[in-house]
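Everything on this sheet refers to the single structure shown next.
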Amino acid sequence: MVSESKSNRPQLRRGLCYSNEGRGQATRSPSVIVIGGGIAGVAAARALHDASIQVVLLESRDRLGGRVHTDFSFGFPVDLGASWLHGVCKENPLAPLIGRLGLPLYRTSGDNSVLYDHDLESYALYDMDGNQVPQELVTKVGEAFENILKETDKVRLENNEDMSILRAFSIVFERRPDLRLEGLAHKVLQWYLCRMEGWFAADSETISLKGWDQEELLPGGHGLMVRGYLPVINTLAKGLDIRLGHRVTKIVRHYNGVKVTVEDGRTFMADAAVVAIPLGVLKSKTIMFEPKLPDWKEEAIKDLGVGIENKIVLNFEQVFWPKVEFLGVVAETSYGCSYFLNLHKATGHPVLVYMPAGKLARDIEKMSDEAAANFAFMQLKKILPDASAPIQYLVSRWGSDINSLGSYSYDTVGKPHELYERLRIPVDNLFFAGEATSVSYPGSVHGAFSTGLMAAEDCRMRVLERYGELDLFQPVMGTEEAPVSVPLLISRI
Ligand SMILES: Cc1cc2nc3c(=O)[nH]c(=O)nc-3n(C[C@H](O)[C@H](O)[C@H](O)COP(=O)(O)OP(=O)(O)OC[C@H]3O[C@@H](n4cnc5c(N)ncnc54)[C@H](O)[C@@H]3O)c2cc1C
């Protein structure tokens, strides 16, 4: 079992989880500590628990879910972190669970949308003077943007050296002046670029052209979790030994076990640990590893990018905006552009979600909540001058929150995509999980979920090998072996 001690002195009592003594006796009990209670950590803990391994999950916050954070303070669920299921299809590892829970999804796009999660016809864009951009222009520029992206593909194939998305765009414009746009069309193009930056949570001058091509996208389009993502976390967490408010500060690994120390000095010991904390937290070095992590792992932590995307949620008395899924403000630069997700279409509540990313998100995090909400409202006033003030607001701060220190990972210029795999590879009896360890689906809930299952399986094998009991236990749940397949409930108005 996982043993807990109030002091830093090592425990030496019988049946200690990392003891190899007593092989074949009843006191043996394989044990694992899972660090981090986001979707990856909770999935890992669930799988290990279900495979009859003693698990304790240590979570620094006073809630589970991490970057899945459904807030109920408006009297209905609103996601401040993840809200879309990217890939509404049976291949999505989360589909069986979401289907079984009967959680409804609202479709925001089909398969062929520009920039993944929204169809062109679902936007209403405005200039800074509140004039709506004609829909034909939105569509035309959307198509031009797709052509530019195709041209950047060619640039990528021709060049061995990596470059930023921004640099690739300028090469495309040099070669194909016909793709250059002027006036309002240029501003609309900047808006598409702004959406792209939102997808990566980073500015185009830092996003890798080569890395961009590596990301996989599941089929089936994109569905918003109408009742929020939290039920998924709660279902996975049922019956687990979870310790909230346990901020891990030190992880010591021995040849036969791990010792994990939390902020107040208490220690936990087990055969192995699953480290499922965000890349931003690993980068901050607020957790001491002893012995230190190998250089290749430390370099991967340093070189992989972590971006910022935030949500400023405005709750209004009533709806006064058009019936589209996205409202946008176009501007001369992508920094000046902005957009609002209209939650009313999906949930029936009069809520708009302002979503800044990259440098803009970082700048807004320097403001107070009130100033941030006001900033978002002022953007809205530009396009809808008669907008009434919100009655409530919520502001996320994923970049400065010490439990996340970023929103999600992305490939930076000149760094290989295999960094995700290096982040995942175990070090002795430490197993790593989380969105930044997902080679195929980084930055997503389903990607993080899969890495939790993968780490659990690797960890289970390792622990049971030590106990010589590999054949006694059932495999942990696999991503592809869904016992029952329930169709997902997705709709669109
Ligand atoms: C604004 C935003 C929008 C997003 N939108 C989507 C979306 O629509 N669809 C999608 O698929 N993905 C989306 N994502 C990404 C998705 O939320 C993440 O990829 C995923 O939730 C990450 O899960 P995780 O388990 O890897 O990390 P986390 O959820 O961050 O979990 C890590 C946990 O570790 C804890 N922790 C940190 N430090 C310590 C410590 N020292 N000791 C103990 N515990 C610690 C944290 O509190 C946290 O609970 C979005 C993210 C953000 C921020």
Side-chain angles (χ1 to χ4, degrees), residues 33-45 57-70 79-87 92-94 105 108 116-117 198-199 201 217-218 222-225 228-229 232-233 236-237 242-251 260-263 268 273-282 284-288 306-313 341 353-357 361 395-399 401-410 423-424 432-438 441-452 455:
I33 298 165
V34 174
I35 305 166
I39 185 90
V42 172
L57 187 153
L58 306 177
E59 163 56 47
S60 56
R61 289 184 171 105
D62 60 0
R63 64 168 180 85
L64 279 182
R67 285 168 277 175
V68 165
H69 183 197
T70 311
D79 274 318
L80 282 167
S83 47
W84 274 273
L85 181 69
H86 296 305
N92 191 314
L94 275 176
L105 293 156
T108 56
Y116 317 128
D117 56 9
W199 181 263
L217 209 58
L218 286 167
H222 306 265
L224 200 78
M225 298 284 287
Y229 251 117
V232 173
I233 299 282
L236 290 170
I242 289 166
R243 317 287 175 95
L244 297 177
H246 281 54
R247 184 179 309 283
V248 169
T249 53
K250 191 172 175 186
I251 303 171
V260 174
T261 307
V262 295
E263 217 166 24
F268 293 79
V274 174
V275 180
I277 57 169
L279 175 60
V281 176
L282 287 173
S284 73
K285 296 193 179 245
T286 46
I287 299 180
M288 188 200 287
V306 61
I308 307 184
E309 182 189 39
N310 273 317
K311 292 189 175 175
I312 300 175
V313 189
L341 169 68
V353 186
Y354 177 70
M355 294 164 67
V395 178
S396 76
R397 297 180 174 279
W398 296 108
D401 182 336
I402 56 163
N403 304 291
S404 51
L405 297 174
S407 295
Y408 38 92
S409 56
Y410 72 102
L423 264 186
R424 188 198 66 77
F432 291 82
E435 59 83 15
T437 68
S438 171
Y441 310 112
S444 71
V445 178
H446 61 279
F449 173 76
S450 294
T451 65

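Counting starts at 1 for both ligands and their atoms, following the listed order. Positions are given from 1, in the same order as the sequence printed here. Below, each value reflects all heavy atoms present in this structure, side chains not excepted, and no hydrogens, waters or symmetry copies.
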Mode of N310 contact toward ligand 1 - side chain, backbone, both, neither (heavy atoms, under 4.0 Å): neither
Side-chain donor or acceptor of E435 paired with backbone N/O of G447 under 3.5 Å: no
Heavy-atom proximity to atom 53 (C) of ligand 1, best of A357, S407, G434: S407
Y441 and H86 aromatic centres sub-6.0 Å: no
Shortest protein contact, atom 27 (O) of ligand 1 (heavy atom only): R67 NH2, 2.9 Å
Part of I287 within contact of ligand 1 (heavy atoms, under 4.0 Å): side chain
N310 side chain to W398 backbone, donor-acceptor under 3.5 Å: yes
Closest protein heavy atom to atom 34 (O) of ligand 1, given as residue, atom name and distance to 0.1 Å: G36 CA, 3.3 Å
Ligand 1 versus A448: contacting region, heavy-atom distance under 4.0 Å: side chain
Closest approach of any protein heavy atom to atom 26 (O) of ligand 1, naming residue and atom: E435 N, 2.9 Å
Residue portion contacting ligand 1 (non-hydrogen atoms closer than 4.0 Å) for E309: both
Distance from atom 37 (C) of ligand 1 to nearest protein heavy atom, with residue and atom: N403 O, 3.3 Å
For atom 5 (N) of ligand 1, the protein heavy atom that lies nearest, with its residue and separation: A82 CA, 3.2 Å
Check: R67 side chain, A82 main-chain N or O, donor-acceptor pair, under 3.5 Å: no
Y408 contact mode with ligand 1 (heavy-atom cut-off under 4.0 Å): side chain
Closest protein heavy atom to atom 20 (C) of ligand 1, given as residue, atom name and distance to 0.1 Å: S444 O, 4.1 Å
Proximity to ligand 1 by part of A436, non-hydrogen separation under 4.0 Å: neither
Location of contacts on M355 toward ligand 1, heavy atoms closer than 4.0 Å: neither
Part of V445 with heavy atoms under 4.0 Å of ligand 1, whether side chain, backbone, both or neither: both
Atom 31 (O) of ligand 1 - nearest protein heavy atom and its distance: G38 CA, 3.2 Å
Atom 35 (C) of ligand 1: nearest protein contact (heavy atom, Å): E59 OE1, 3.2 Å
